[in-house]
Colleague: 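Attaching a single structure in structure tokens format; questions to follow.
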Amino acid sequence: QVQLVESGGGLVQAGGSLRVSCAASGTIFSINAMGWYRQAPGKQRELVAVITSGGTTSHADSVKGRFIISRDNAKNTVYLQMNSLKPEDTAVYYCAADMVYGKVWGQGILVTVSS
């Protein structure tokens, strides 16, 4: 009942910036929180940042001070602004909606940071 469509991935040089977007449609008001995850080759998927329905944000230590999660309620869209990118940030990035019954995932987009 909730669908997530991601956009904005691509290739960026180390030290650069990139913003990825996640547009939600469907039963928007049933979403408790939204988050961004990433999965690098050969590694487990990890939580990057979370924003609750009340607007409270939290970021993983590895990205704190560099990445910022935000939302535009008018567009039903959540963003992840990624600054000072490092090669180790290279991963497939997934947005997720936390529902009462579980998580709904976006399709995943590749972010590649070149050294």
Colleague: Please lay out, stage by stage, how Ile68 and Asn83 fare under the test side-chain contact (heavy atoms from CB on, under 4.5 Å).
Modeller: CA-CA 8 Å; Ile68 306 99; Asn83 301 315; 3.6 Å; yes
Colleague: Stepwise, does the side-chain contact (heavy atoms from CB on, under 4.5 Å) test hold for Val111 with Met82?
Modeller: CA-CA 10 Å; Val111 173; Met82 299 179 284; 3.9 Å; yes
Colleague: Going by the rule salt bridge (Lys or Arg N to Asp or Glu O under 4.0 Å), which residues pair with Glu46 if we only count those two or more places apart in sequence or in a different chain?
Modeller: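 Per chain and number, Glu46 pairs via salt bridge (Lys or Arg N to Asp or Glu O under 4.0 Å) with Arg38.
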Colleague: Which of parallel (below 30°), tilted (30 to 60°) and perpendicular (above 60°) describes Trp105 and Tyr94?
Modeller: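 Geometry flag for Tyr94 against Trp105: perpendicular rings.
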Colleague: What's the spacing between Arg66 CZ and Gln81 CD if we round to 0.5 Å?
Modeller: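 Rounded to the nearest 0.5 Å, the CZ-CD separation comes to 12.0 Å.
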Colleague: Determine, stepwise, if the pair Ser30 / Gln1 fulfils side-chain contact (heavy atoms from CB on, under 4.5 Å).
Modeller: CA-CA 10 Å; Ser30 64; Gln1 299 179 42; over 6 Å; no
Colleague: Please name the pair of heavy atoms, one in Val104 and one in Leu4, separated by the smallest distance, quoted to 0.1 Å.
Modeller: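 That would be O-CD1, 3.2 Å.
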Colleague: Does the Lys NZ or Arg CZ of Arg19 fall within the cation-pi geometry relative to Tyr79 - under 6.0 Å from the ring centre and within 45° of the axis?
Modeller: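 Verdict for Tyr79: a cation-pi partner in Arg19.
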Colleague: Indicate the atoms forming the closest heavy-atom contact of Leu110 with Ala91, along with that distance.
Modeller: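 Heavy atoms of Leu110 and Ala91 come nearest at CD1-O, 3.6 Å.
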Colleague: So Leu85 and Phe67, side-chain contact (heavy atoms from CB on, under 4.5 Å) or not? Walk me through it.
Modeller: CA-CA 9 Å; Leu85 282 161; Phe67 292 9; 3.8 Å; yes
Colleague: How long is the straight-line distance from CD1 of Ile31 back to CG of Asn76, given to the nearest 0.5 Å?
Modeller: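 It comes to 8.0 Å.
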Colleague: Looking at Asp61 and Lys64, is there a salt bridge between them, counting it only when a charged N and a carboxylate O are closer than 4.0 Å?
Modeller: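 The answer is yes: the pair qualifies as a salt bridge.
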Colleague: Please give me the minimum heavy-atom distance between Ala97 and Val2, naming the atom from each residue.
Modeller: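 Heavy atoms only, the tightest pair is CB-CG1, 4.4 Å.
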Colleague: Might you point out which heavy atoms bring Ser84 and Ser17 nearest each other, and give the distance in Å?
Modeller: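 For Ser84 versus Ser17, the nearest heavy atoms are N-OG, 4.3 Å.
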Colleague: Please answer whether the main-chain N or O of Gly26 pairs with a side-chain N or O of Gln3 as donor and acceptor at a distance below 3.5 Å.
Modeller: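 Such a contact is absent between Gln3 side chain and Gly26 backbone.
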Colleague: Would you call Ile69 and Val78 a side-chain contact if the rule is heavy atoms closer than 4.5 Å?
Modeller: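 Contact flag for Ile69/Val78 side chains = yes.
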Colleague: If you measure from SG on Cys22 to CG on Leu80, what distance do you get to the nearest 0.5 Å?
Modeller: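 Taking SG in Cys22 and CG in Leu80, the distance rounds to 10.5 Å.
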Colleague: What are the two closest heavy atoms between Ala33 and Val50, and how far apart are they?
Modeller: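 Answer, listing the atom of Ala33 first, then Val50: CB-CG1, 4.2 Å.
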Colleague: Honestly curious: do Val92 and Leu18 fall in one hydrophobic cluster under the side-chain, below-4.5 Å linking rule?
Modeller: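 Unlinked, Val92 and Leu18 end up in two clusters.
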Colleague: So, taking the atom named CE in Met34 and the one named OG in Ser53, what distance separates them when rounded to the nearest 0.5 Å?
Modeller: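 The OG atom of Ser53 is 12.0 Å from CE of Met34, to the nearest 0.5 Å.
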Colleague: For the residue pair Val113 and Lys86, establish whether any side-chain heavy-atom pair is separated by less than 4.5 Å.
Modeller: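 With C-beta onward as the side chain, the pair stays apart.
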Colleague: How long is the gap from CG on Asp98 to OH on Tyr101, to the nearest 0.5 Å?
Modeller: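 Answer rounded to 0.5 Å: 10.0 Å.
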Colleague: Closer than 3.5 angstrom, by distance alone: can the side chain of Glu6 be matched with the main-chain N or O of Val20 as a donor-acceptor pair?
Modeller: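 No; judged by distance alone, with no hydrogens or angles, the pair does not exist.
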Colleague: Assess whether atom CD of Gln107 is packed by more than 12 heavy atoms of other residues, nucleotides or ligands within 6.0 Å.
Modeller: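 Check passes, neighbour count above 12.
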Colleague: Taking all heavy atoms of Thr52 and all of Arg71, pick out the closest pair and write down the distance.
Modeller: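 Closest approach of Thr52 to Arg71: O-NH1, 2.7 Å.
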